Amino acid sequence: MNITITGSLGNISKPLAETLIAAGHQVTIISSNAAKAQEIEALGATAAIGSVEDVAFLTSAFSGKDAIYTMVPPNFGASNIREFISSVGEKYAAAIEASGVKRVVNLSSIGAHLDGGTGPISGLHDVEQTYSKLDGVAVKHLRPAFFYTNFYGNADMIKHAGILGSNYGAETPLVLVHPNDIAAAAAEELQQDFTGKEVRYVASDESTAAGVASALGAAIGKPELPWVEFNDEDALGGMLQAGLPEVMAKSYVEMGDATRSGKLYAHYFANKPSSFGKVKLEDFAAEFAKAF
């Protein structure tokens, strides 16, 4: 097959490309960074350097392909995160229509069934809705859970405050996923036939916030590492102090609120996947310890 994937050489797109190339497929990787071209080509892929906000470029990169993988790259400088994500989805959809590609695997998120109140995930809801209007195009939306790798951002909190926490409590259920397991799911879907507009949840493990603190703490030699619940104001202040832009910090606080209320995961728990990915919490804890 001839497949184009977005996401440059990110935590999902790189292992996805490697899997597809190893299976004998022709892969084109879209990146906005020309400096990545050599590394992309070293994998055995074709580099397409350009912007995901350029419909003409995307149309060219999608044309003649059997399938494509789309994801909206992060933009920490966006003045309106939902609007940015939604607008990229609209550009992808326009390029999909113009190129004639008929099969799309799209990276969405757990909680994308909700129209608002979920921080940046609201934009992915919009992308799903935009793709639903693509006539004659089969779309598989991957809705991964909370990325394990997000906890790398809490390393300083653990080192300097001796705690792990967010604006939800210790007993809050968390559904967790490793980028490698998302890449495996995406590769599986890209290589098989599907029709219509479908959703697939992707998860590696389930735990609680306290369970995460316990697992990471044990792995780094801090077995008593506590999970601490912050109020929204303190959570926002902590993220701002860590250097996160205010728009993004407020968006993450909103996502934490949705986690605390349970609404973020409600649809997932009613439609759980039949199988989980390979990387369990303890496996990630070992990875975390090496990087800590």
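This chain uses plain numbering: 1 for the first residue, then up along the sequence. Model, not experiment: these values are computed from the prediction.
- Between the side chains of Ser63 and Ser99, no donor N or O sits under 3.5 Å from an acceptor N or O.
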Show your working on salt bridge (Lys or Arg N to Asp or Glu O under 4.0 Å) between Glu39 and Lys14 and close with a plain yes or no. CA-CA 10 Å; Glu39 189 178 352; Lys14 184 176 181 180; 3.5 Å; yes
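- Taking every heavy atom of both residues into account, Glu41 and Ala47 meet most closely at OE2-CB, 4.2 Å.
- Put simply, the side chain of Pro144 does not reach to within 4.5 Å of the side chain of Ile110, judged on heavy atoms.
- Ile163 belongs to a hydrophobic cluster with Met157, Val228, Phe230, counting contacts under 4.5 Å between side-chain heavy atoms of Ile, Leu, Val, Met, Phe, Trp and Tyr, direct or through other members.
- Glu246 is linked by a salt bridge (charged side-chain N to carboxylate O under 4.0 Å, His left out) to Lys250, counting only residues two or more places apart in sequence or in another chain.
- Between Glu254 and Gly119 the shortest heavy-atom distance is OE1-N, 2.7 Å.
- Under a 3.5 Å cut-off, the side chain of Ser86 and the backbone N or O of Glu83 do not form any donor-acceptor pair.
- Shortest non-hydrogen contact noted between Phe57 and Ile30 is CE2-CG2, 3.8 Å.
- With Ser261 contributing its side chain and Ala258 its backbone, the two residues share a donor-acceptor pair below 3.5 Å.
- Proximity of Leu114 to Lys263: side-chain heavy atoms (C-beta onward) are separated by under 4.5 Å at one or more points.
- Remark: side-chain polar atoms of Gln26 are not paired, donor with acceptor, to backbone N or O of Asn2 under 3.5 angstrom.
- Between Val247 and Phe76 the shortest side-chain heavy-atom distance does not fall below 4.5 Å.
- Annotation: side chain of Val279 is in contact with side chain of Tyr148 (closest heavy-atom distance under 4.5 Å).
- Pairing each heavy atom of Pro15 with each of Asn180, the nearest pair is CG-OD1, 3.8 Å.
- Residues that satisfy the salt bridge (charged side-chain N to carboxylate O under 4.0 Å, His left out) test with Asp115, not counting sequence neighbours, are Arg82.
- Residue pairs meeting the side chain to side chain donor-acceptor pair (under 3.5 Å) criterion with at least one member in residues 159-170, sequence neighbours excluded: Asn167-Asp232, Asn167-Asp257.
- In this structure the side chain of Ser251 reaches within 4.5 angstrom of the side chain of Pro120, judged on heavy atoms.
- Closest approach of Ser8 and Lys36 over heavy atoms only: OG-CG, 3.9 Å.
- Under the ring pair (Phe, Tyr, Trp, His ring centres under 6.0 Å) criterion, Tyr92 pairs with no residue at all, not counting sequence neighbours.
- Note that the OG1 atom of Thr172 and the CG atom of Leu174 stand 6.5 Å from one another [nearest 0.5 Å].
- For residues 105-114, the pairs satisfying side chain to side chain donor-acceptor pair (under 3.5 Å) are Thr70-Asn106, Asn106-His141, Ser108-Glu128, with sequence neighbours left out.
- Here the straight-line distance linking atom OG1 of Thr28 with atom CD1 of Ile68 works out to 11.5 Å at 0.5 Å rounding.
- Of the possible donor and acceptor atoms, one in the side chain of Ser13 sits under 3.5 Å from a partner among the backbone N and O of Thr6.
- Once rounded to the nearest 0.5 Å, the distance linking NZ of Lys65 with NZ of Lys102 reads 16.0 Å.
- The structure places OG1 of Thr19 at 10.0 Å from NE2 of His25, a figure rounded to the nearest 0.5 Å.
- A search for side chain to side chain contact (heavy atoms under 4.5 Å, CB included) contacts involving Ala249 returns Leu236, Met239, Leu240, Leu244, not counting sequence neighbours.
- For the atom pair OG of Ser87 and CD of Glu90, the computed distance is 6.5 Å after rounding to the nearest 0.5 Å.
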Going through the checks in order, is the side-chain contact (heavy atoms from CB on, under 4.5 Å) test met by Val137 and Val101? CA-CA 7 Å; Val137 179; Val101 68; 5.6 Å; no
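- Between Phe151 and Phe284, the ring-plane angle classifies as tilted under the 30° and 60° cut-offs.
- The salt bridge (charged side-chain N to carboxylate O under 4.0 Å, His left out) test applied to Glu53 returns no partner, not counting sequence neighbours.
- For Gln192, the CD atom counts as densely surrounded, since its 6.0 Å shell holds more than 12 non-hydrogen atoms of other residues, nucleotides or ligands.
- Sequence neighbours left out, the pairs with a member in residues 278-292 that pass side chain to side chain donor-acceptor pair (under 3.5 Å) are His178-Glu287.
- Smallest separation of non-hydrogen atoms from Phe84 and Pro73: CE2-O, 3.4 Å.
- Hydrophobic cluster membership for Leu20: Met1, Ile3, Ile5, Leu9, Ile12, Leu16, Ile21, Val27, Ile29, Ile40, Leu43, Tyr69, Met71, Val105, Leu107, Leu142, Phe147, Val177, Ile182, Leu190, Phe194, Val202 (Ile, Leu, Val, Met, Phe, Trp, Tyr linked by side-chain heavy atoms under 4.5 Å, directly or transitively).
- With hydrogens and angles disregarded, no donor-acceptor distance shorter than 3.5 Å links the side chain of Ser32 to the backbone of Ser51.
- Residue pairs meeting the salt bridge (Lys or Arg N to Asp or Glu O under 4.0 Å) criterion with at least one member in residues 194-207, sequence neighbours excluded, are Lys140-Glu198, Glu188-Arg200, Glu189-Arg200, Glu206-Lys272.
- Connection of Tyr131 to Val55 is not established within any shared hydrophobic cluster, with ILVMFWY side chains joined at heavy-atom distances below 4.5 Å, either directly or through further cluster members.
- Between Ser204 and Phe276 there is no side-chain heavy-atom pair separated by less than 4.5 Å.
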Tell me which donor-acceptor pairs under 3.5 Å the side chains of residues 208-223 have, and how far apart each pair is, sequence neighbours excluded?
residue : atom : partner : partner atom : Å
Thr208  : OG1  : Gly211  : N            : 3.0

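- Annotation: side chain of Ser31 is in contact with side chain of Ile49 (closest heavy-atom distance under 4.5 Å).
- Residues Asn75 and Ile81 fail the side-chain proximity criterion, which asks for heavy atoms closer than 4.5 Å.
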